[in-house]
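This is the structure, below, for whatever I ask next.
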Amino acid sequence: MIKRLGIMVFLLALAGTTVWGADADDAFENRLQGISRAEMQAVVEFLGHDLLEGRAPGSRGGDLAEVYVQSLFKFMNLEPAGTQGYMQPFALKKFTTSDIQLSCGEVTLNYIHDLVGTCTRDGKRFELTAPVVFAGFGIRAEQWNWDDFKDMDVSGKILVSRVNDPGLHHPDIFEGKTLTYFGRWTYHIEEAVRRGARGILLIHTDESAGYDWNVVKNSWTNGELFIPSQIENDLVFRGWIREKSLRTLLARKGIDLETLYKDSLSRDFRPADLGLQVMISGDNKCETIMNRNVVATIPGKVSQRIVLSAHIDHLGKTDAGGDNIFNGAIDNGTAVAAMLVAAKILKEFQSTLHYSVTVLACNSEEAGLLGSKYYVDTTDRSTIVANINFESSPVWKSSTTLMGIGARFSTFEDWIREIAAARGLGYSQFTLANQGLFYRSDQFAFVRRGIPAVWISAGEEEVDGERHYTRFWLGDYHTVRDEYDPNWDLGGLRQTIQAALQLVRRVNDYRTPPTWKNNLTFPVEK
Ligand SMILES: [Zn+2]
C-alpha cells in the first residue's frame with residue numbers, strides 16, 4: 001500500500017499536479033498570486049520603525065521585536081516551539097576591549113591606529129605574553145589538499161594569519177577570487193581555537209578583507225557577543241592588525257613580510273616561528289545579555305521538518321549626530337515579513353503538509369549567527385530535513401530571475417530552476433559572490449551541521465532592467481539609510497515568498513528532502 005501510494009505520488013507529481021488534487025493546487029496558486037501589499041508591508045513597517053531603535057540584542061527595541069513576533073505567531077494560531085512557550089531564551093557574553101597595546105621589545109603598536117581586538121576573559125585588565133608564529137592562511141581544507149599547519153604544534157602561541165584564501169592569488173585553486181568559507185575571518189579564528197592557540201592577529205588589507213580599516217575599527221570597538229561555549233577554550237585574544245603596522249614591526253626585527261607571504265602561497269608552507277615574544281595588553285569589560293529566538297511550528301503528518309528562518313535583530317543605534325538609528329528595514333525587516341507571510345499561508349494549507357514546518361525568528365545574527373547557531377546546537381537536528389532562509393529580501397519591482405544563494409551545493413538548485421522555469425523566470429547567481437554572503441546569514445548555521453539549506457530570493461535584475469538590489473548591498477546595507485519606504489513596489493518580495501512556498505511544496509509533494517552535491521566550500525561538523 002505504501003509503495004502504491006509512493007508510485008501514485010510520483011505519477012501525479014510528473015503530471016504537474018499533486019496528491020492533494022487539482023483543487024488544492026489551484027487554491028494554493030491563487031493564494032500565492034493574491035499575496036497583498038498590506039500583508040507584506042505590515043511587518044516591515046513596524047520592525048523598521050524608529051521606535052524599535054534598530055533592534056540590537058538585549059536592547060528595549062530588540063526585546064520589543066521578540067514580543068511582536070511572538071504575538072503574531074499566537075495570532076496566526078501557530079504552535080509554540082521554543083523552550084518557554086514561543087521563546088527560546090539564551091545568555092550571551094559581551095566583551096568590550098579597549099586601549100590595546102602590543103609590545104615587542106622596544107617596539108609598541110597602539111589601539112585603533114595599529115590594531116583592534118577582543119579579550120574573552122573576565123577581569124578589567126588583561127596581559128597576554130606568548131611567542132609569535134606566522135600561520136600563512138591558517139587553513140586546513142581537505143577538498144583542496146591544503147594544510148598550512150602540517151604536523152606543527154601551535155598551541156599556546158599567538159598566530160599571525162592572512163585572511164581570505166589562497167584562491168585570491170591563484171585563479172586555479174580554491175574557487176579563485178570567489179571567497180570560500182576557508183577565507184572568512186571567522187574560519188581563521190575557529191581554526192586557531194582548534195589548534196589551541198592563545199591569540200590570533202588577522203592581517204588586514206583592503207583587498208583580502210574586502211573592506212577598509214574603518215569597517216574593522218567600527219565593528220571591533222563596540223563590544224563583541226559570544227555564546228558562552230564559544231569561548232570555553234584557550235584562545236584569549238582575537239583581533240586584527242594593520243598590514244603596514246605589522247610590516248614595520250617585522251622589518252625592525254629583520255623579518256621581511258613579503259618573503260613570508262610568498263612562502264604561504266605554496267602547498268609546502270609550514271608555520272614559521274618568528275622568534276619573537278610579544279605582549280598584548282588592554283582594558284576589558286564583560287557583561288551578560290539575555291536574548292531570545294522566537295520559534296513556532298506548523299505540524300504536518302510527520303515530525304520530520306523544514307525550518308523557515310529569518311533574523312529579527314539589527315545593529316541598534318550609533319552615537320553619531322543626525323539620524324542615528326540603524327532601522328534595518330530591509331536587513332532584516334523585509335525578510336521577517338516574507339517568513340511570516342509564508343508561515344501564514346502554510347498555516348492556511350496545513351492539511352496539505354506532509355513534513356512539519358518550524359518557523360524560526362532568530363536573534364543576534366549580526367553578531368555572528370549566534371541565535372541560529374544556538375538553535376541548531378540545542379534542537380533535535382535529526383528531524384530537520386532542510387532550512388530555507390530569508391535575508392534582506394528585495395522590495396523593488398519583480399525580477400526576471402530567482403536566486404538560491406548556496407543552492408548550488410545541494411539539489412535545491414535543480415528545484416529552484418524548475419520553479420523559476422514554470423513561472424517563465426531565469427535562474428541567476430548572486431553577482432556579489434566574492435563577499436561570501438552564503439556564509440554570512442543564518443542558513444550557514446544549518447549548513448555547517450550538515451543540513452542542506454538555501455537563502456531564497458528574487459534575482460538582482462528587475463523587469464525594467466534596474467538593479468536596486470545590487471545597489472542596496474553596495475550602498476545602504478548596514479547604514480542608517482536602510483529605512484522603510486511605503487512606495488516600494490514589493491514585486492520582488494512577493495516573488496521571494498512565492499519561491500519559498502513552492503520549495504516547501506516541492507519537498508512535500510515529492511516527499512524528498514534535498515541532498516548535498518559534492519562540491520562543498522566549507523567544513524561540515526556533525
Ligand atoms: Zn541580515
Side-chain angles (χ1 to χ4, degrees), residues 43-44 46-48 52-57 59 61-62 65-66 69 179 181 184-186 210-211 215 218-219 224-225 291 293-294 307-318 325-340 342 359-376 387-396 403-406 430 432-433 435-448 453-458 460 468-484 488 492-493 496-497 500:
V43 172
V44 55
F46 182 79
L47 288 179
L52 276 282
E53 297 183 332
R55 309 186 305 278
S59 71
E66 296 164 355
V69 170
L179 185 68
Y181 187 68
R184 287 272 296 143
W185 60 266
T186 50
Y211 35 77
V215 174
N218 290 339
S219 48
E224 223 192 325
L225 295 171
N291 204 210
N293 293 322
V294 196
V307 179
L308 300 183
S309 57
H311 72 87
I312 50 176
D313 62 298
H314 194 54
L315 303 171
K317 295 193 289 186
T318 70
I325 298 173
F326 291 99
N327 297 83
I330 290 176
D331 185 4
N332 204 30
T334 59
V336 177
M339 178 179 75
L340 290 172
V359 190
L360 170 66
C362 39
N363 225 317
S364 290
E365 185 268 0
E366 304 286 7
L369 321 182
L370 301 184
S372 51
K373 278 180 185 165
Y374 185 82
Y375 179 78
V376 172
N387 165 242
I388 299 171
N389 187 46
F390 301 89
E391 169 65 46
S392 303
S393 304
V395 289
W396 299 277
M403 296 197 292
I405 294 103
F430 217 152
L432 306 170
Q435 301 200 3
L437 291 170
F438 180 59
Y439 317 117
R440 287 167 46 188
S441 185
D442 293 302
Q443 68 277 338
F444 195 64
F446 291 84
V447 161
R448 57 184 293 136
V454 67
W455 158 4
I456 189 74
S457 178
E460 290 166 274
H468 287 94
Y469 198 40
T470 318
R471 293 212 300 275
F472 165 79
W473 284 98
L474 300 173
D476 293 349
Y477 169 73
H478 281 201
T479 72
V480 294
R481 297 187 303 276
D482 179 3
E483 289 186 316
Y484 174 66
W488 283 330
L493 191 61
T496 303
I497 301 166

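In listed order, ligands and their atoms are each counted from 1. Side chains are part of it too, since the values below use all heavy atoms of this structure and drop only hydrogens, waters and symmetry mates.
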Ser309 versus Asn389, side-chain donor and acceptor atoms under 3.5 Å: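 The criterion, which ignores hydrogens and geometry beyond distance, is satisfied for Ser309 and Asn389.
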Smallest separation among heavy atoms of Phe438 and Val447, with atom names: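 Smallest interatomic distance, heavy atoms only, reads CZ-CG2, 3.5 Å.
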Contact flag His314/the Zn ion (ligand 1), N/O/S atoms, threshold under 2.8 Å: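 Short answer: no, not a single N, O or S atom is under the cut-off.
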In His311, the N, O or S atom nearest to the Zn ion (ligand 1) is which?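 This turns out to be NE2.
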Specify whether His314 and His478 have parallel, tilted or perpendicular ring planes, treating 30° as the upper limit for parallel and 60° as the lower limit for perpendicular.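 Judged by the thresholds at 30° and 60°, the geometry between His314 and His478 is perpendicular.
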Among the N, O or S atoms of Glu391, the one nearest the Zn ion (ligand 1):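 Distance check against the Zn ion (ligand 1) picks out OE2 in Glu391.
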Does one side chain, of Ser392 or Tyr469, offer a donor that lies under 3.5 Å from an acceptor on the other?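 Not at all, the side chains of Ser392 and Tyr469 share no donor-acceptor pair under 3.5 Å.
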Atom of Asp331 closest to the Zn ion (ligand 1), considering N, O or S atoms: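 It is OD1, the N, O or S atom of Asp331 closest to the Zn ion (ligand 1).
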For the pair Tyr477 and Phe472, name the ring-plane relationship: parallel under 30°, tilted 30 to 60°, perpendicular over 60°.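 Rings of Tyr477 and Phe472: perpendicular, over 60°.
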State whether Glu365 contributes an N/O/S atom found under 2.8 Å from the Zn ion (ligand 1).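 Not a single backbone or side-chain N, O or S atom of Glu365 is under 2.8 Å from the Zn ion (ligand 1).
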N/O/S atom of Glu366 inside 2.8 Å of the Zn ion (ligand 1), strictly under: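 So Glu366 does not bind the Zn ion (ligand 1) by this criterion.
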